[in-house]
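Shown next, in C-alpha cells, is the structure this report addresses.
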2 protein chains.
Amino acid sequence: MTRFYPLEDRQLLAVDCVIFGFDNQDLKLLLIRRNMEPASGMWSIMGGFPRHDESLDNAAVRVLKQLTGLVDVYLEQLYAYGNVERDPGERVVSVAYYALIRIEDYDKHLVREHDAHWSRISDIPELVFDHRVMVDKALRRLRRKARIQPIGFELLPDTFTLPQLQALYEAIYQKELDKRNFRKKILSMGLLDKLEEKDKTSSKKGAWLYRFNPEKYQEALANGFYFSVDV
Amino acid sequence: MTRFYPLEDRQLLAVDCVIFGFDNQDLKLLLIRRNMEPASGMWSIMGGFPRHDESLDNAAVRVLKQLTGLVDVYLEQLYAYGNVERDPGERVVSVAYYALIRIEDYDKHLVREHDAHWSRISDIPELVFDHRVMVDKALRRLRRKARIQPIGFELLPDTFTLPQLQALYEAIYQKELDKRNFRKKILSMGLLDKLEEKDKTSSKKGAWLYRFNPEKYQEALANGFYFSVDV
DNA sequence: CGCCTAAAGTGTATGTTTAACACTTAAACA
DNA sequence: TGTTTAAGTGTTAAACATACACTTTAGGCG
C-alpha cells in the first residue's frame, strides 16, 4: 500500500460509552470499576480501543456489547475529547458515545464480570479522567433530544403504560409533569398503539399498555410532523 | 514516561474545518483545492493533523488560522468521522469542526495561496472523501443552533441593519420571512443596541444600524430567557 | 360484602405565542 | 416637485401551552 501521510503523527484513540437505563423510578448510568492503569479501581464509563479495521461506530457497538451483551440498541456519537492532559497516563483522544438500553435486557453475567453497577444520575460517584464531563454532556444531549425525537421509548420495555412513560420523562428532566397535559400531548401525536391488556404491577385498577409504532412515526414525519413533548 | 497503552494501536487523526461566511446575499462556504495525495486537485474543506502536544480544538483553531488568518472566531466541534474507508489513501479518523466568520475579515493573501474560493451553499461542487457529509451536517447544525442561540451575529459585521439580519436568516434557512414578524421577534428580545446612525448602502432612506449586546444576552440568560427566532 | 385506598383516567377555560396580512415614511434623483 | 425604492410600522385570528379537580376502577381488609 502507498502511504500518503506522515508515520510519526499517529495518535492513541479510544471510544467511551455512556450507558443509560431506566428502572421505572430513576434514570440510571452503568459504571464500571476500571481495571487498567492508570487510575485502576476508580469508577469509569466503559471504553475500548478502535481497531485499525473497524469504524468508530463499530468500536462503540463492540464496547457496549462487551459490557451488556446487547446489540441493536440506540447508540449515538456524543463528542470527541481531545485535550492533551485528559488522560494523565498518556495523550489519548477519546470519542464518546451514549447508549439508551432497556434495563431488564442486559446480561447480568457480563456486568458482574466487569464489576459494574447502576448509579442514579442524581448520585454519580467520582469518575476517572474527564468521564464526568462526558456524562454531563450525554445528559444534556438526552434532555435536548428526548423532547423532539421519540428516543425515550428506547429506555422502556416494548410495551409500557402512560404513567410509566410519564415517569420516564419526569426522571429525565427531574421535573414533575401534569398528567392530563402529558397524556393529551402524547396521545394526540397518534404514535402509540393501545393494547387490550392492562399492567397491574403498580395499581389495583391497572393501566393500559401501549406500544410505540415506528411505522406511524415515519409516516407522520413524511407528512411534516414534528415530535415534541413539553417539559 | 510509563507507557500504559498498546503501541501498535495508534491511528492517524485529522481535523477538518467547514467555514461559513455571509456576503449579505448568500450563505457561503470556503473551499480549497487539495494539494496533497490522494485526490490532489479536488475541492475540499481545509484540514490538518493535530500535533501530539495540542488539543483537537487547538488543531482546529490552527487550521482555521492557516487559511483565513483569523483567530477568536466562532468554532465548534461537529462530529468525528471514523469509517475505515472514508479516506481511500489510508485509514484516517477525522474530527470535523465548523466556523462562522465575518466574510470581510479574512486574509485574502492566505486564501489565494491555498487556491481557495467561496462557494454558495446552494451550489457546492463535488468534494473529496466524505467532506460533503461534513458540510451537510454543519449546515444542519447551523440551522438548528441559529434558531435557539445568537450565533448568527458571528456571520455579520459588528454593526448591521435589521434587513441585513433578516437576509442572513433567510439565507441560512432558504426561506422568506415576514418582515414585521421578524423585526417584532428580534427587537422584543432586547438584545440589540440601536445606534444613532444609518446604513445607506442599500436604500435611499437608509436603515438603522444595530449592535448585538452580549452582556444583555448573558443577563437575560441568567433570568431564564431563551433565545428563539421563528423560521 | 361493603368500605377504604391508591393509582388511573378524564375536560375546560385562560393566557400566550405564532401567523397572516398592506399601507406609510423617508430620501435620493430625475 | 414627482417618482422610485427600500425601511418601517399594528392588528386580528388561530393554534398551542398551561393551570387546575374530580371520577373511576378494583383489590384488600375489616
Side-chain angles (χ1 to χ4, degrees), chain A residues 23-25 143 146-148 156-157 159-171 173 175-211 220 223-231, chain B residues 23-25 146-148 156-157 159-171 173-211 220 223-231:
Chain A
D23 65 0
N24 281 332
Q25 292 245 127
R143 284 179 175 147
R147 286 168 184 260
I148 55 172
L156 292 176
T159 67
F160 51 85
T161 67
L162 289 179
Q164 248 181 305
L165 184 62
Q166 182 174 343
L168 169 65
Y169 276 91
E170 290 178 334
Y173 295 100
K175 182 168 182 256
E176 294 204 354
L177 301 176
D178 181 276
K179 192 168 36 161
R180 282 170 290 189
N181 293 338
F182 181 80
R183 297 169 70 97
K184 203 189 316 172
K185 184 69 184 237
I186 293 289
L187 291 176
S188 74
M189 292 195 270
L191 305 176
L192 301 187
D193 294 335
K194 186 177 182 172
L195 308 187
E196 297 187 349
E197 192 187 344
K198 282 187 165 187
D199 174 313
K200 298 210 169 180
T201 53
S202 72
S203 83
K204 299 158 188 170
K205 183 179 178 181
W208 291 104
L209 284 164
Y210 291 82
R211 181 184 283 122
N223 293 324
F225 165 83
Y226 289 99
F227 184 91
S228 142
V229 179
D230 315 315
V231 287
Chain B
D23 66 359
N24 281 333
Q25 292 246 125
R147 286 167 184 260
I148 56 172
L156 291 175
T159 66
F160 52 85
T161 66
L162 289 180
Q164 247 181 306
L165 184 62
Q166 181 174 344
L168 169 64
Y169 275 91
E170 290 179 335
Y173 295 100
Q174 306 265 78
K175 180 168 184 257
E176 293 203 357
L177 301 176
D178 181 276
K179 192 165 41 159
R180 283 169 290 189
N181 293 338
F182 181 80
R183 298 170 70 97
K184 204 189 315 172
K185 183 71 180 235
I186 293 288
L187 291 176
S188 74
M189 293 195 268
L191 304 176
L192 301 187
D193 294 334
K194 185 177 184 174
L195 307 187
E196 296 188 349
E197 193 186 344
K198 282 187 165 188
D199 174 312
K200 298 213 169 179
T201 54
S202 72
S203 83
K204 297 158 188 166
K205 182 180 177 179
W208 290 105
L209 284 164
Y210 290 82
R211 180 184 283 124
N223 294 323
F225 165 84
Y226 289 99
F227 184 91
S228 145
V229 180
D230 314 315
V231 287

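Order of the sequence lines sets the chain letters (A, B, ...), proteins ahead of strands, with each chain counted from 1.
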Point to revise | Side-chain donor/acceptor contact of A/Lys179 with base of C/dG9 under 3.5 Å | key: yes
Exercise for review: Could you check how far CG of A/Leu177 sits from C1' of D/dA17, rounded to whole Å?
Suggested key: 13 Å
**Study point:** Euclidean distance, atom CG of residue B/Asn181 to atom P of D/dA15 [Å, nearest integer]
**Key:** 16 Å
Check your understanding: Taking CE from B/Met189 and C1' from C/dT17, how many angstroms apart are they, rounded to a whole number?
Key -> 14 Å
Check your understanding: Looking at the side chain of B/Ala207, which of C/dA6, D/dA7, D/dT18 is the nearest nucleotide?
Key -> D/dA7
**Study point:** B/Gln164 or B/Asp178, whichever maps to the more 5' nucleotide of DNA chain D
**Key:** B/Gln164
Review point. Base, sugar-phosphate, or nothing for A/Lys200, non-hydrogen atoms under 4.0 angstrom?
Key: sugar-phosphate
Check your understanding: Given atom NZ of B/Lys204 and atom C1' of D/dG8, what is their separation to the nearest angstrom?
Key -> 16 Å
Review point. For A/Phe182 and D/dC16, what is the distance between atoms CZ and C1' respectively, to the nearest whole Å?
Key: 17 Å
Revision key, fill the gap. For C/dT5, the nucleotide meeting Watson-Crick or G-U wobble distances (both under 3.5 Å) is D/dA26
Check your understanding: Base, sugar-phosphate, or nothing: which does B/Lys185 touch, judged by heavy atoms less than 4.0 Å apart?
Key -> sugar-phosphate
Check your understanding: A/Tyr169 vs A/Tyr173 aromatic rings, parallel, tilted or perpendicular, using cut-offs 30° and 60°?
Key -> parallel
Exercise for review: Using the side-chain contact (heavy atoms from CB on, under 4.5 Å) rule, take B/Val229 and B/Phe182 through it: C-alpha gap first, then chi angles, then the decisive distance, then the call.
Suggested key: CA-CA 8 Å; B/Val229 180; B/Phe182 181 80; 4.1 Å; yes
Exercise for review: For A/Arg183 and for B/Gly206, locate the closest nucleotide of DNA chain C by heavy-atom distance; then report the residue assigned to the nucleotide nearer the 5' terminus.
Suggested key: A/Arg183
**Study point:** Rounded distance (Å) that lies between atom C1' of C/dT24 and atom NZ of B/Lys205
**Key:** 8 Å
**Study point:** Considering all heavy atoms, the nearest B/Lys205-B/Lys200 contact
**Key:** O-CE, 4.0 Å
Check your understanding: In whole angstroms, how far is the P atom of D/dG8 from the CD atom of B/Gln166?
Key -> 11 Å
Review point. How about A/Asp230 and A/Asn181: do any of their side-chain heavy atoms sit closer than 4.5 Å?
Key: no
Review point. B/Asp230 near the nucleic acid: base, sugar-phosphate alone, or nothing, with a heavy-atom cut-off under 4.0 Å?
Key: sugar-phosphate
**Study point:** Nearest-nucleotide pick for A/Arg180, side chain only, options being D/dA6, D/dT25, D/dA21
**Key:** D/dA21
**Study point:** Nearest-neighbour nucleotide for the B/Lys198 side chain, C/dG9, D/dG27, C/dA26 considered
**Key:** C/dA26
Practice item. Answer with base, sugar-phosphate or nothing: what part of the nucleic acid does B/Ser202 contact at a heavy-atom distance below 4.0 Å? Key: sugar-phosphate
Point to revise | Within 6.0 Å of CD in B/Gln174, more than 12 heavy atoms from elsewhere | key: yes
Check your understanding: A/Trp208 has an atom CH2; how far is it from atom P of D/dA26, in whole Å?
Key -> 9 Å
Practice item. Between C/dA28, D/dT11, C/dA22, spot the one nearest the side chain of B/Lys184, thanks. Key: D/dT11
